[in-house]
Amino acid sequence: MAPKLPDSVEELRASGNLSFRNGQFAEAATLYSRALRMLQAQGSSDPEKESVLYSNRAACHLKDGNCIDCIKDCTSALALVPFGMKPLLRRASAYEALEKYTLAYMDYLTVLQIDDSVTSALEGSSRGGISSRPSWNPLCDPACLSRMTRALMDSFGPEWRQKLPSVPLVPVSAQKRWECSPSGYRKETAKSKSKEATATKSRVPSAGDVERARVLKEEGNELVKKGNHKQAIEKYNESLWFSNLESATYSNRALCHLVLKQYKEAVKDCTEALRLDGKNVKAFYRRAQAYKALKDYKASFADINNLLQIEPRNGPAQKLRQEVNRSLN
């Protein structure tokens, strides 16, 4: 008896996923196309499901080197569900392959607003229904970032950053959608983050990387002065890609997290800043503020005391110690 042919959207999608895992990308694309036609013929409004199918088909096109159709499908997926992580990353990879560096760069920066430590396209998540084999992603490759930077500089000159279009502001709702994604997907991401962190810490930046990191940090500082804390975080993220040896970059990014009430992220950045410079007064102070907001008063009090051992006459720290002491009592 011949095997039963898929006769529902879910079965077609599952069959497409299986074909993709087996490296049969053209066949997978055909199955996703059938699923899309069936879903659209049903007339039911399910933008999430339709967006995933477009994104999955885009992955097939990308694997086959069909960057034009990959971009089209990713754009269709994003029209249905704006700021989707996978279609943004896949479209950016396709733009990169076509040497459309400006468009690739903008998509990557948009992704960083959703998760500032994404390390791969993670085509193998349960959410997208595609295999768990991680794909190379220039977002995390410092050498590739340098090439993109050089290409943009060659096109637009030293002031290339000022000539780029504005990065779309990702709404909080889209960020929360990513934070609430299935645990399996988050687990894959956590593994990749850990690997990337290890690789980044072991990399010795070149003199050029250090200079680019300094310039990006200064751009972030200017954005902070203007109150643009989300955009400043993007600049600090870029700076840390090129060199993660500057304590002040972490403590400056921690300030942005504090303003945005992202207290756990502020704690992490201050801890990294203090690992690099154990006398970073701002890192002690900002971590104490973050701990206070998280109601970890003992940790906050300890950080203030450490700060006051370095700067006994630090007025803001003395005031914060009084506030925390009241909470402890």
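- Contact annotation: the side chain of Ser55 never approaches that of Asp73 to less than 4.5 Å [non-hydrogen atoms, C-beta and beyond].
- Distance check, rounded to the nearest 0.5 Å: CG of Leu320 to OG of Ser300 gives 5.0 Å.
- The structure places CZ of Arg275 at 14.0 Å from SG of Cys270, a figure rounded to the nearest 0.5 Å.
- Here the side chains of Tyr54 and Leu78 are not in contact, with every heavy-atom distance at 4.5 Å or above.
- Evaluated for a side-chain hydrogen bond (donor to acceptor under 3.5 Å, both in side chains) with Ser247, the options Asn280, Asn252, Asp277 yield exactly one hit, Asn280.
- The hydrophobic cluster containing Leu307 also contains Val324, counting ILVMFWY residues as joined when their side-chain heavy atoms lie under 4.5 angstrom apart, directly or transitively.
- In terms of modelled atom types and a separation under 3.5 Å, the side chain of Asn325 and the main chain of Arg321 share no donor-acceptor contact.
- In terms of hydrophobic clustering, with Ile, Leu, Val, Met, Phe, Trp and Tyr side chains grouped at heavy-atom distances under 4.5 Å, Met106 and Trp241 are assigned to a common cluster.
- Counting only heavy atoms from C-beta outward, the side chains of Arg13 and Val52 approach each other to under 4.5 Å.
- When side chains are defined from C-beta on, Val9 counts as touching Leu53, because their heavy atoms get closer than 4.5 Å.
- In this structure the side chain of Asp269 never reaches within 4.5 angstrom of the side chain of Leu255, judged on heavy atoms.
- In terms of hydrophobic clustering, with Ile, Leu, Val, Met, Phe, Trp and Tyr side chains grouped at heavy-atom distances under 4.5 Å, Val267 and Leu274 are assigned to different clusters.
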Point to revise | Trace of the side chain to side chain contact (heavy atoms under 4.5 Å, CB included) decision for Leu98 with Ile68 | key: CA-CA 9 Å; Leu98 293 173; Ile68 298 297; 3.9 Å; yes

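- For the residue pair Ser51 and Leu80, the shortest heavy atom distance occurs at N-CD1, 3.7 Å.
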Check your understanding: After noting the C-alpha distance and the side-chain angles of Leu89 and Lys86, does the key distance pass the side chain to side chain contact (heavy atoms under 4.5 Å, CB included) rule?
Key -> CA-CA 5 Å; Leu89 284 168; Lys86 289 183 181 179; 5.9 Å; no

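- One side chain, His257 or Gln262, offers a donor N or O that lies under 3.5 Å from an acceptor on the other.
- Not one N or O on the side chain of Ser243 forms a donor-acceptor pair closer than 3.5 Å with the backbone of Ser239.
- Between Met38 atom CE and Ser33 atom OG the span is 12.5 Å, to the nearest 0.5 Å.
- Listed here is the closest heavy atom pair of Arg212 and Phe242: NE-CE2, 3.4 Å.
- Of all the heavy atoms in Arg90 and Cys74, the pair that sits closest is CB-SG, 3.7 Å.
- Summarising the geometry, atom CG belonging to Asn66 is positioned 5.5 Å from atom NE2 belonging to His61; distances are rounded to the nearest 0.5 Å.
- Nearest heavy-atom pair across Ala29 and Arg57 is O-CD, 3.8 Å.
- Hydrophobic cluster membership differs between Tyr285 and Leu258, with clusters built from Ile, Leu, Val, Met, Phe, Trp and Tyr side chains linked at under 4.5 angstrom.
- The backbone N or O of Leu240 lies less than 3.5 Å from no partner atom in the side chain of Asn244, so there is not a single donor-acceptor pair.
- Counting only residues at least two apart or in different chains, salt bridge (Lys or Arg N to Asp or Glu O under 4.0 Å) contacts with residues 295-305 comprise Arg287-Asp303.
- Counting only heavy atoms from C-beta outward, the side chains of Cys70 and Arg91 never approach each other to under 4.5 Å.
- Contact of the Lys217 side chain with the Lys235 side chain is not registered, since no non-hydrogen atoms from C-beta on lie closer than 4.5 Å.
- The CZ atom of Arg326 sits 6.0 Å away from the CD atom of Glu323 when rounded to the nearest 0.5 Å.
- Atoms CG and CG, from Leu39 and Leu12 in turn, are 10.5 Å apart once rounded to the nearest 0.5 Å.
- Side-chain N/O atoms of Gln231 and Asn228 include no donor and acceptor closer than 3.5 Å.
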Point to revise | side chain to side chain contact (heavy atoms under 4.5 Å, CB included) evaluation trace for Asn314 with Ile304 | key: CA-CA 10 Å; Asn314 188 305; Ile304 300 166; over 6 Å; no

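- No donor-acceptor pair under 3.5 Å is formed between the side chain of Glu246 and the backbone N or O of Leu276.
- Counting only N and O atoms by type, the side chains of Asn17 and Tyr32 include a donor and acceptor under 3.5 Å apart.
- Ring centroid separation for the pair Phe20 and Phe25 comes in under the 6.0 Å cut-off.
- Nearest heavy atom pair, residue Gly220 against residue Ala232, reads O-CB, 3.5 Å.
- If you chain together hydrophobic residues whose side chains sit under 4.5 Å apart, Leu103 and Tyr108 never meet in one group.
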Check your understanding: Could you walk me through whether Leu31 and Glu27 pass the side chain to side chain contact (heavy atoms under 4.5 Å, CB included) check?
Key -> CA-CA 6 Å; Leu31 289 162; Glu27 181 179 315; 4.2 Å; yes

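- Side-chain contact between Asn221 and Glu218 is present, with at least one heavy-atom pair separated by less than 4.5 Å.
- We find that Lys268 and Glu265 are joined by a salt bridge, their nearest charged nitrogen and carboxylate oxygen being less than 4.0 Å apart.
- Shortest non-hydrogen contact noted between Arg253 and Tyr236 is CA-CD1, 3.7 Å.
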